[in-house]
Number of protein chains: 2
Amino acid sequence: MKLTSKGRYAVMALVDLAKFNDINPVSLRDISLRQGISLDYLEQIFSKLRKKAIVQSVRGNQGGYVLNKKANEIKLTNIFDAVDEKVKTVQCKKESKKGCNGKLTKCLTHNLWDELENHINDFFEKKSLEDLIKDNTERRI
Amino acid sequence: MKLTSKGRYAVMALVDLAKFNDINPVSLRDISLRQGISLDYLEQIFSKLRKKAIVQSVRGNQGGYVLNKKANEIKLTNIFDAVDEKVKTVQCKKESKKGCNGKLTKCLTHNLWDELENHINDFFEKKSLEDLIKDNTERRI
DNA sequence: AGATACTTGACTAATTTAGTCAGGTTTATA
DNA sequence: TATAAACCTGACTAAATTAGTCAAGTATCT
């Protein structure tokens, strides 16, 4: 059970963006340097974030990205959703009609995995970008 | 972020085992048939469970496996630990001395991933095999 | 015009997963 | 004591996923 770096990077990059988001847009190049994430990879990630209206791009010289909403309105759920980071505990959900493992009944542990998914998603729905920034400035080393 | 089938199967198999665990040990063959999990794969999984003293094996004809503790003493944590299903949110933990991403400071979101790991592990520590069986018999279809 | 920055899509190496396969050993029971 | 049921072990592998890289643009500010 692990988090992929795409999801992790997306969050890291947005925290960075939110922190340095004053008058000027923040360039991916800067984020790349500060966070140690490849520029090409960041571009892929931000393309997705833009499509989901989490950030806005500013083209041209001195361009970059800006948050498209207030930091307290951006939840982890939104970010993970944008970059296709999903919580998957089990396959059997998709084949909705049938039960699990091709049987007619629900598998013995079906409810458990549902609970687990909800438990994790709860966490993602409660945390906003604002929380993360606060957390970070308060506890800086 | 997804659960691997090794972890999922381990839990399914143990619930099955606990359910059919009366006088006789339960054979992997039966579990394999009931749960639709390959026998060879089950053997790998049970070998690990046995090494961690979660189950006990009974050899010979009419042999099989038996729980080695009471169902309420076996937590999901124990099971996942036995089969190396780990919750990993980030790599940077291992290189304990240094910060994250090879930098000197903690990465911006370090605390977040710690919290997430704890949040998930909490769930695993609270759920016991007994809970799962109860859950299952109560809500059977 | 030129620099800077975003945009898109194809491609790929490495890793992980989810098993399979082969060849054992042990032991209850007939 | 034969034998079948069941466990035990380790090596192997195909498929999927991840974590990017690479190339070739397009847009826009100065």
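Since the model is a prediction, treat every value here as computed from it, not as a measurement. Reminder, nothing fancy here: chain letters follow the sequence lines and each chain counts from 1. Just so you know, these numbers use all the heavy atoms, side chains as well, and skip hydrogens, waters and symmetry mates.
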Whole-Å distance, D30(B) CG to dA6(D) C1', equals 11 Å
Separation of dA18(C) atom C1' from K88(A) atom NZ, nearest Å, is 15 Å
Closest non-hydrogen contact found for S57(A) with R50(A) is OG-CD, 3.6 Å
Separation between NZ (K19(B)) and CG (L14(B)), nearest 0.5 Å, reads 14.0 Å
- For dG19(C), does OP1 or OP2 lie under 4.0 Å from any side-chain N or O of Y9(B)? yes
Whole-Å distance, K48(A) NZ to dA19(D) C1', equals 12 Å
note: Q56(B), atom CD; dA6(D), atom P; distance rounded to Å ~ 18 Å
Looking only at dT18(D), dC29(D), dT17(C), the nucleotide nearest the T4(A) side chain is dT18(D)
From CG of L28(A) across to C1' of dC6(C) the rounded distance in Å is 8 Å
Please step through side-chain contact (heavy atoms from CB on, under 4.5 Å) for the pair E43(A) and L39(A), ending with a clear verdict.
CA-CA 6 Å; E43(A) 283 174 353; L39(A) 181 59; 4.0 Å; yes
Quick one: do E73(B) and S128(B) satisfy side-chain hydrogen bond (donor to acceptor under 3.5 Å, both in side chains)? Show the steps, please.
CA-CA 7 Å; E73(B) 288 170 350; S128(B) 75; over 6 Å; no
Rounded to 10°, the helix from dA1(C)-dT30(D) to dA30(C)-dT1(D) deviates from straight, judged by its five-pair end axes, by 10°
Closest non-hydrogen atoms of T89(B) and R8(A), given as atom of the first, atom of the second and distance, are O-NE, 3.1 Å
I37(A) atom CD1 is separated from dT21(D) atom C1', nearest whole Å, by 16 Å
Separation of dT17(D) atom C1' from M1(B) atom CE, nearest Å, is 16 Å
Comparing nearest nucleotides in DNA chain C, the 5'-proximal residue of the pair S5(B), N61(A) is N61(A)
* Do K127(B) and E115(A) sit within salt-bridge range, that is, some charged N less than 4.0 Å from a carboxylate O? -> yes
Using the 3.5 Å cut-off, write out each protein N or O paired with an N or O of nucleotides 8-13 of chain D and the distance between them.
residue	atom	partner	partner atom	Å
dC8(D)	OP1	R50(B)	NE	3.4
dC8(D)	OP1	S57(B)	OG	3.1
dC8(D)	OP2	R50(B)	NE	3.4
dC8(D)	OP2	Y65(B)	OH	2.4
dC8(D)	N4	E43(B)	OE1	3.1

Ranking dA5(C), dT17(C), dT20(C) by distance to the side chain of R29(A), first place goes to dA5(C)
Walking DNA chain D from its 5' end, the first of S38(A) and V26(B) to be reached, judged by nearest nucleotide, is V26(B)
Output for pair (K69(A) NZ, I54(A) CD1), nearest 0.5 Å, gives 6.0 Å
From CE of M12(B) across to P of dA18(C) the rounded distance in Å is 13 Å
| task | Start with the C-alpha gap between V11(B) and W113(A), add the side-chain angles, then the distance that decides, and say whether side-chain contact (heavy atoms from CB on, under 4.5 Å) holds. | result | CA-CA 11 Å; V11(B) 176; W113(A) 311 127; 4.0 Å; yes
Ring pair (Phe, Tyr, Trp, His ring centres under 6.0 Å) pairs touching residues 51-86 of chain A, sequence neighbours excluded, are F46(A)-Y65(A), F80(A)-F124(A)
